[in-house]
Each structure stands twice: as structure tokens, then as C-alpha cells.
Amino acid sequence: MKRLSSLAVSVALCFAMPAVAAPADSVSRIVASQSYKTAAAALDSGHDQWVKDIIAITQIPAPPFKESVRAKAFAEMLRERGLDPSIDEAGNVLALRKGTQPGPVVVVSAHLDTVFPEGTDVTVKREGTKLMAPGVGDDSAGLATLLALVDSMNAGKVQTKSGILFVGTVGEEGRGDLRGVRQLFTKGEYKGKIGAFFSLDGGGLDGMTSGATGSKRYRVTFKGPGGHSYGAFGIVNPMVALGHTVTDLYKIRVPADPKTTYSASVVGGGTSVNAIPAEVWLDVDMRSASADELAKLEKQFLAIVPNAVAAENAARSTTAGKISAGLEPIGDRPAGHTDPNADIIRFAEAAYRSEGLTVKQGTSSTDSNIPMSLGIPAITMSRIADGDRAHAPDEWIDVSKTPNVKLQRILLTTILATAGVR
Ligand SMILES: [Zn+2]
């Protein structure tokens with residue numbers, strides 16, 4: 001990414017955004033307005049619809065790289081709300097709610113993809129206010145919350161100064177590698193035209209994500225001659241180089257702050273218990289809240305692999321062939337953060353305060369990584385008041401009305417303050 005030019009763009013965008021009064025003032029002015037009150041009332045009366053939407057969205061499977069069925073259905077749900085959605089080259093669903101002023105738009109997004117493979121049973125089970133299904137929270141609840149926000153703005157006939165671009169993104173999870181949001185910011189028709197970005201993801205009534213955990217992910221494939229486990233005993237074995245790589249990776253000391261981590265996560269290879277494998281592979285995940293620490297960690301890891309290969313080639317016979325290693329990058333998410341004094345954060349804090357709550361800032365890996373790395377103000381705010389076990393088959397959310405409508409009011413307030421209202 002060209003850092004200087006992107007920063008220049010974001011500075012230009014900041015100046016182009018509507019000028020705002022002190023964040024707390026604009027929030028109290030918005031909250032006191034009649035159109036806001038009508039919009040907030042619609043969140044309350046629309047609660048049952050929100051629950052129905054969560055269930056409907058969850059039950060349309062959206063495995064990684066296979067989001068298109070859900071994308072079409074989501075586009076239809078936006079169309080029913082009076083918007084004119086389109087699907088871009090990456091598969092993102094985009095729908096603009098026009099503003100009264102020209103200039104950059106404010107993006108409100110949630111992601112379409114789940115981590116669950118094809119064939120996963122996504123039937124939603126309900127016990128009281130608890131909904132259970134893979135993907136029910138992450139990020140079906142985010143998509144449904146986005147729809148509830150559209151409904152409430154329509155009900156209140158809210159007119160924002162900046163247009164609001166509602167987006168269902170593809171490729172947020174795992175090997176999707178943020179390809180949807182990357183397309184939005186670096187290639188699509190809105191490239192250079194986004195002034196602020198919201199992702200609705202994660203849960204709880206006390207936190208927001210204002211820092212982006214960067215990650216680098218690799219698949220390392222070790223190859224060797226292979227042979228009979230008994231007859232060819234003594235030749236090099238790629239499994240040993242893999243083992244050395246894991247052991248040496250876990251000797252790396254990383255700082256607790258900025259939090260920096262690594263994981264040897266997935267392995268595969270080999271063909272038979274009585275064969276020295278010809279090929280084994282390993283997936284490694286490295287993360288940090290700091291771009292510098294991530295680069296340092298990556299450099300150390302990249303040095304470990306050839307050392308492990310050389311050690312095995314020196315330890316056993318290479319008469320049948322040597323060990324080699326190939327590195328395939330399988331993930332690259334940039335680190336970054338939104339300035340703690342940026343309006344978008346001050347608005348979110350004021351919106352939480354207006355509901356009698358305080359909010360902590362945290363760091364995570366979400367769609368906001370891309371705008372944050374480009375210097376464009378971005379935060380990820382909760383999609384649900386309570387829930388847990390995201391990415392697990394027993395994922396659940398609590399759809400109780402009071403806390404969730406409260407959260408939705410906080411989202412509405414923050415978004416309207418950022419977009420500016422007439
Ligand atoms: Zn998510």
C-alpha cells in the first residue's frame with residue numbers, strides 16, 4: 001500500500017467531511033430532534049422484524065468464497081427498504097442512501113461470509129430470547145442490525161448531509177483476507193470517496209474496535225524425496241523440518257504490549273504410516289497491533305524455515321534428494337488505528353454516554369483494518385448486546401429487546417453524528 005498517497009487522500013477527505021460542532025453537542029442535538037425520536041421508536045417497534053431478519057439471514061449458508069446466495073437475498077432486503085442495491089466485482093452488496101450534500105460517503109457495513117463450510121446445519125434454534133446456530137451472531141446479527149438502521153432512518157425521514165453507503169462485505173473471515181473491503185477502498189467506484197467507515201461486528205455494550213490487529217499468514221510446504229519407512233530409513237524427512245520450524249517459532253519472544261502473537265495452526269501431508277512423506281505442510285498465523293512488531297516477527301519466522309531445512313539436510317542422507325520449503329502467503333491484513341481524537345470515536349463515546357454507558361476502545365481484526373491502514377476514520381461497533389461462541393458450532397446470541405434496542409440507538413446516533421444531519 002502506498003502510505004503517503006493514501007494519507008494525502010484521507011487528509012483531503014477529512015476536510016471534505018461536514019464541519020461539526022463539539023461531539024457531545026452534536027449528539028445531544030441529534031438525540032433531541034423529532035426525526036431521531038421517530039427513528040428510535042422504529043427500532044423499538046421493529047424489534048420482531050430484526051429477530052426475523054437475523055433468522056432468515058443465518059439460514060442462508062454463506063461459506064467462505066460462496067457468499068453469493070446470501071448476497072442476493074441481502075440485496076433484496078435492501079431493495080424492499082427503498083434502496084437501489086448493486087453487487088460489485090468482489091461480490092459486495094452496495095446500497096447508497098443519498099445525502100443532501102455532495103462529497104464523501106459514510107459506509108455502514110456488516111460482513112456476509114461465515115467461517116462455516118458448505119453442508120453445515122445453519123437451522124436456528126430458539127430458547128426464550130436465545131438464538132443458536134453457526135453464524136447467528138457473526139455476522140448475521142450485524143447484517144440484520146444494518147437493515148434495522150435503514151428502517152429507522154426511513155421511518156424518521158432522516159436526511160443526512162453525507163450519503164450513507166450500506167455495504168454487505170464478502171471475505172471478512174479467514175482466507176477471505178478482507179477482499180471485499182479491500183475492493184471497496186482500493187478498486188471500486190467508491191475508491192477515494194469514503195470519508196468514514198463503520199463495521200457492525202462483535203458484541204457487547206461496552207466496547208468498540210478502534211485499532212486494527214495486523215496479521216501475516218503463510219502456508220509452508222516442505223518437500224523431500226520420500227521413501228519406505230523401513231527400507232529407506234536414514235534419508236531426510238520433511239516432517240522433521242516442519243517440526244523444527246514449529247519448535248523454533250515457539251522460541252520467539254514477542255511483546256505483550258503491543259500484543260503480538262503467533263500460532264502454528266493447521267498441518268497436513270504424508271500418505272501412509274509406513275512411508276517417509278514426500279510432502280507435508282503447515283499454516284502459520286502471526287498477528288500484532290503494531291505494524292513494526294508484526295514485520296519483526298515475520299522476518300524472524302522467514303529465517304527459521306530455511307534454517308530448519310538446512311538442519312534436516314545436514315542431519316540425514318540426501319542421496320535420494322534434499323528437503324526444500326516453499327512459502328505461500330495466505331493472509332495479509334494491515335495493522336493500523338483510528339486517531340483517539342477522531343470525530344468518529346468522540347461521537348461513539350458521546351452516543352454511549354447519552355444512553356448512560358461508557359465504552360472502552362480495543363484492538364481487533366475486522367473489516368476496519370483496511371480503512372484504518374489507509375488513515376480513514378473507522379471503527380467497528382457491536383452488532384449485538386450479548387452473545388458468545390462465534391466461529392463455533394454452538395454460537396449463540398441473546399435477542400432481548402431492551403439492551404439490543406439500546407445498542408441500536410447508540411449505533412444510529414453515532415452514524416448520524418458522523419454523517420451530519422440537517
Ligand atoms: Zn465477524
Side-chain angles (χ1 to χ4, degrees), residues 50 53-55 57-67 70-71 74 90-93 107-117 120 122 124 131-149 166-185 197-215 217 285 287 331 333-336 362-373 378-399 404 407-408 411:
W50 174 71
D53 289 339
I54 293 175
I55 296 170
I57 294 167
T58 306
Q59 295 188 157
I60 305 167
F65 298 96
K66 288 175 182 159
E67 302 100 334
R70 183 180 283 186
F74 186 62
N92 296 312
V93 179
V107 170
V108 177
S109 71
H111 65 87
L112 293 161
D113 58 320
T114 71
V115 297
F116 301 100
T120 302
V122 288
V124 177
L131 299 186
M132 289 152 290
V136 70
D138 190 12
D139 197 17
S140 303
L143 294 162
T145 298
L146 184 156
L147 296 172
L149 292 169
F166 292 97
V167 183
T169 61
V170 294
E172 193 273 341
E173 302 283 7
R175 291 191 66 173
D177 208 25
L178 310 183
R179 73 180 191 286
V181 73
R182 227 182 273 269
Q183 161 85 19
L184 188 67
F185 279 94
F197 179 87
F198 291 92
S199 169
L200 308 179
D201 205 353
L205 271 177
D206 58 356
M208 65 171 154
T209 298
S210 61
T213 311
S215 63
R217 292 164 176 168
D285 168 77
R287 300 186 183 220
R333 299 172 182 231
T363 297
S364 167
S365 176
T366 66
D367 269 343
S368 292
N369 279 46
I370 298 293
M372 284 176 189
S373 75
I379 50 175
T380 297
M381 296 183 77
S382 291
R383 60 189 171 223
I384 193 84
D386 192 16
D388 203 359
R389 304 290 298 148
H391 295 196
D394 57 341
E395 182 175 359
W396 62 270
I397 55 172
D398 189 327
V399 294
N404 283 298
L407 170 63
Q408 289 162 14
L411 298 173

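One-based numbering, in listed order, for ligands and for the atoms of each. Values below: every heavy atom of this structure, side chains too, minus hydrogens, waters and symmetry copies.
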Below 2.8 Å of the Zn ion (ligand 1), tally up the protein N/O/S atoms for me.
-> 4
Counting distance only, does the side-chain N/O of Glu395 pair as donor-acceptor with the main-chain N or O of Asp138 below 3.5 Å?
-> yes
With sequence neighbours left out, what residues match Asp386 under salt bridge (charged side-chain N to carboxylate O under 4.0 Å, His left out)?
-> none
Heavy-atom check, side chain of Asp113 versus side chain of Val170, under 4.5 Å | no
Could you list the residues that satisfy ring pair (Phe, Tyr, Trp, His ring centres under 6.0 Å) with Phe197, not counting sequence neighbours?
-> Phe185
What distance separates Leu146 CG from Leu200 CG, expressed to the nearest 0.5 Å?
-> 6.0 Å
Tell me, which pairs form a salt bridge (Lys or Arg N to Asp or Glu O under 4.0 Å) where one or both residues lie in residues 202-214, sequence neighbours left out?
-> Asp206-Lys360
